[in-house]
Amino acid sequence: SVGIEHEGFVDRPQDLTDEMYAASARLTAGICARYDIPLDREHIIGHVQVPGTDHTDPGPHWDWDRYMKLVRRAATSAPSGGPTSGPSGGPS
Ligand SMILES: [Zn+2]
């Protein structure tokens with residue numbers, strides 16, 4: 001498994017910022033692409049769901065629907081393979 005910890009506390013919803021969701025989703029999408037991990041809730045789970053854990057994160061305020069949408073969006077917009085230039089398109 002690959003673990004990602006977020007800064008903040010489970011009982012402080014204000015800690016779960018838009019920037020955190022976006023950055024975490026990009027990180028998860030990249031890791032899943034690299035290791036061929038399916039983008040679903042069977043494979044992307046909360047620390048609280050890990051068997052035997054005593055952790056409660058990401059907690060009741062974490063919006064999994066929102067997060068998984070961001071992960072899937074990041075996965076489809078991210079270039080596949082190694083490092084490349086940024087998003088294509090647009091005037092230059
Ligand atoms: Zn944790």
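Keep in mind that the numbers below use all heavy atoms, side chains included, and drop hydrogens, waters and symmetry copies. Whatever order the structure lists ligands and atoms in, that order sets their numbers, starting from 1.
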Checklist entry - For the side chain of Tyr67 and the backbone of Ser24, is there at least one donor-acceptor N/O pair under 3.5 Å apart? => result yes

Checklist entry - At the Zn ion (ligand 1), what's the angle from Glu5 OE1 to Asp57 OD2, rounded to 10 degrees? => result 90°

Item to check | Thr76 side chain to Arg72 backbone, donor-acceptor under 3.5 Å | outcome: yes

Checklist entry - Is it true that Arg66 and Asp63 have a side-chain N and a carboxylate O under 4.0 angstrom from each other? => result no

Checklist entry - Can you check side-chain contact (heavy atoms from CB on, under 4.5 Å) on Ile44 and Cys32, steps first, answer last? => result CA-CA 9 Å; Ile44 300 171; Cys32 287; 4.0 Å; yes

Item to check | Metal site the Zn ion (ligand 1): N/O/S of His6 inside 2.8 Å | outcome: no

Checklist entry - What N/O/S atom of His47 is the closest to the Zn ion (ligand 1)? => result ND1

